[in-house]
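What you see is a predicted model, and the numbers here were worked out from it, not measured in a lab.
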Amino acid sequence: MNLITMTLMTEITLSTILIILAFWLPELDPDTEKLSPYECGFDPLGTARLPFSLRFFLVAILFLLFDLEIALLLPTTWATQLINPTTTIFWATIILILLTLGLAYEWAQGGLEWAE
């Protein structure tokens with residue numbers, strides 16, 4: 001049997017098994033909050049004038065910041081193959097140091113404490 005044919009058959013079989021498992025494994029009696037279009041913990045049909053905690057925004061911004069860190073550090077793997085990789089590695093180190101200092105500052109200020 002050809003290698004490509006064998007690979008395709010394996011992928012199709014594995015995909016079919018995963019689709020069947022994803023269809024049959026969820027609970028048959030789902031939670032009503034999971035069925036709502038907004039899973040943020042707020043009632044979408046209630047008033048829009050309720051106070052909103054700024055900690056949600058802080059967590060979202062921290063997530064985006066560290067998500068962007070990964071995108072900024074991706075070129076370092078290719079930088080090791082350059083003739084002079086020190087510039088890219090230097091800037092990647094600067095980014096990591098800045099993000100680490102920012103995380104330490106946020107931690108010291110108590111911004112990562114969810115409950116007061």
Side-chain angles (χ1 to χ4, degrees):
M1 194 175 249
N2 193 351
L3 181 63
I4 295 174
T5 308
M6 187 65 145
T7 305
L8 283 174
M9 291 299 292
T10 305
E11 290 173 359
I12 290 171
T13 305
L14 186 62
S15 299
T16 306
I17 290 171
L18 289 175
I19 288 171
I20 290 171
L21 282 175
F23 182 73
W24 290 108
L25 280 182
E27 295 180 22
L28 296 176
D29 186 24
D31 190 12
T32 56
E33 291 188 14
K34 290 289 184 179
L35 292 176
S36 72
Y38 305 103
E39 292 186 20
C40 61
F42 297 103
D43 184 19
L45 302 176
T47 179
R49 302 289 180 214
L50 292 175
F52 188 74
S53 174
L54 290 178
R55 295 199 184 263
F56 288 109
F57 289 119
L58 177 66
V59 170
I61 288 172
L62 286 174
F63 173 76
L64 288 175
L65 181 69
F66 287 106
D67 195 32
L68 284 175
E69 170 202 358
I70 294 170
L72 290 174
L73 294 178
L74 279 176
T76 56
T77 56
W78 290 285
T80 57
Q81 299 175 1
L82 295 175
I83 296 170
N84 190 7
T86 55
T87 305
T88 307
I89 293 175
F90 171 74
W91 286 112
T93 306
I94 293 295
I95 290 170
L96 280 176
I97 289 171
L98 285 174
L99 286 172
T100 304
L101 288 174
L103 179 64
Y105 176 76
E106 193 68 36
W107 197 340
Q109 292 295 318
L112 300 177
E113 304 277 336
W114 193 259
E116 296 180 16

Same cluster or not: are Leu99 and Trp91 linked, directly or through other Ile, Leu, Val, Met, Phe, Trp or Tyr residues, by side-chain heavy atoms under 4.5 angstrom apart? no

Transitive ILVMFWY side-chain link Leu64 to Ile61, under 4.5 Å: no

Phe90 and Leu98: same hydrophobic cluster, using ILVMFWY side-chain contacts below 4.5 Å? yes

Rounded distance [0.5 Å steps], OG1 in Thr16 versus CD1 in Ile19: 6.0 Å

Counting only heavy atoms not in Ile4, do more than 12 fall under 6.0 Å of its CD1? no

Between Leu8 and Glu11, is any pair of side-chain heavy atoms under 4.5 Å apart? yes

As an exercise, state the distance from OG1 of Thr7 to CD1 of Ile12, rounded to the nearest 0.5 Å. 11.0 Å

